[in-house]
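One structure is given here, and the rest of the page talks about it.
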Amino acid sequence: MGLKRLDKLIALNCNVSRKDARKLIKDSAVSVNGRICLRAEELIDVEADDVSVKGYNFTIKEHVYIMLNKPKGVVSATRDPAKKTVVDIIPDDLKRKSLFPCGRLDRDTTGLLIITDDGAYAHRIMSPSHHVYKTYEAVLSYPLYDEDIAKLEAGITLDDGTECLPAKVEAFTTSDGLPAGRIRIREGKYHQVKRMFAAVGNHVEQLRRIQIGTLHLDPNLPEGESRELTDEETQLVFIDE
Ligand code: URA
């Protein structure tokens, strides 16, 4: 990751402005490797140096990667004048400036969403050229027939003429006995899963994202809650099944 300025790292990790970070440094509140450091421009080796603020040691990181189990009713945006966003519901201890969601889930869609402040990482997940697969479970109005699955797997054309790449699809029944489909796609067109099922005459009643690449939604993470991803987990999104 290389060397980073001390004031920038303090601002990122303590969720304060760069100006406040410089004040903390000036007020002798910051130590590097056990010695008070008064230079805001000091270059820190993120992997090797120990940094503490007001005596508290913390692991300094350039970026943060969060798994959110998105609940219904929140919008996949950074801010919204009227509605609660996925960033609003991240707890304070994980919050940083510049957090944003990697892609969008509809307001009524639940499940796996990654929130980060790393633009390059988000681009790799969202750009179609990187072929990152996303897996959804949809509760449907009607059972999914083999011929519907064949059409979706061949690459279906939506009602407005939009062409979708071939998907992987399987039918199943929920524990409540409702018809459902599991679908794996690597695009992110507007309302894509709902429109794909609509194109075979079905209707999505509920939609949940359960997987990105080989990163699964943590079954122990209740809806509305989030946790930091491990370094290994951040890379699972780029590994295909
Ligand atoms: N496809 C949809 O239709 N909605 C989502 O939220 C995600 C994928």
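Order of listing sets the numbers, starting from 1, for every ligand and every atom in it. This one's a predicted model, so the numbers in the text were calculated from it and none came from an experiment.
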Q.
Counting only heavy atoms from other residues, nucleotides and ligands, does the tally under 6.0 Å from NZ of Lys54 exceed 12?
A. no
Q. Do Met67 and Leu215 come close enough that some side-chain heavy atom pair is under 4.5 Å?
A. yes
Q.
Quick test of your reading of the model: are Asp106 and Lys194 salt-bridged, counting only N-O distances below 4.0 Å?
A. yes
Q) Does a side-chain N-to-carboxylate-O contact under 4.0 Å join Glu42 and Arg5? A) no
Q. Does the pair His130 and Ile125 meet the rule for a side-chain contact (heavy atoms from CB on, under 4.5 Å), with working shown?
A. CA-CA 7 Å; His130 285 100; Ile125 294 182; over 6 Å; no
Q.
Heavy-atom contacts with ligand 1 below 4.0 Å: which residues, ordered by chain and residue number?
A. Leu105, Asp106, Thr109, Tyr136, His191, Gln192, Val193, Lys194, Leu207
Q | Beyond-backbone contact of Cys164 with Thr157, side-chain heavy atoms, under 4.5 angstrom | A | no
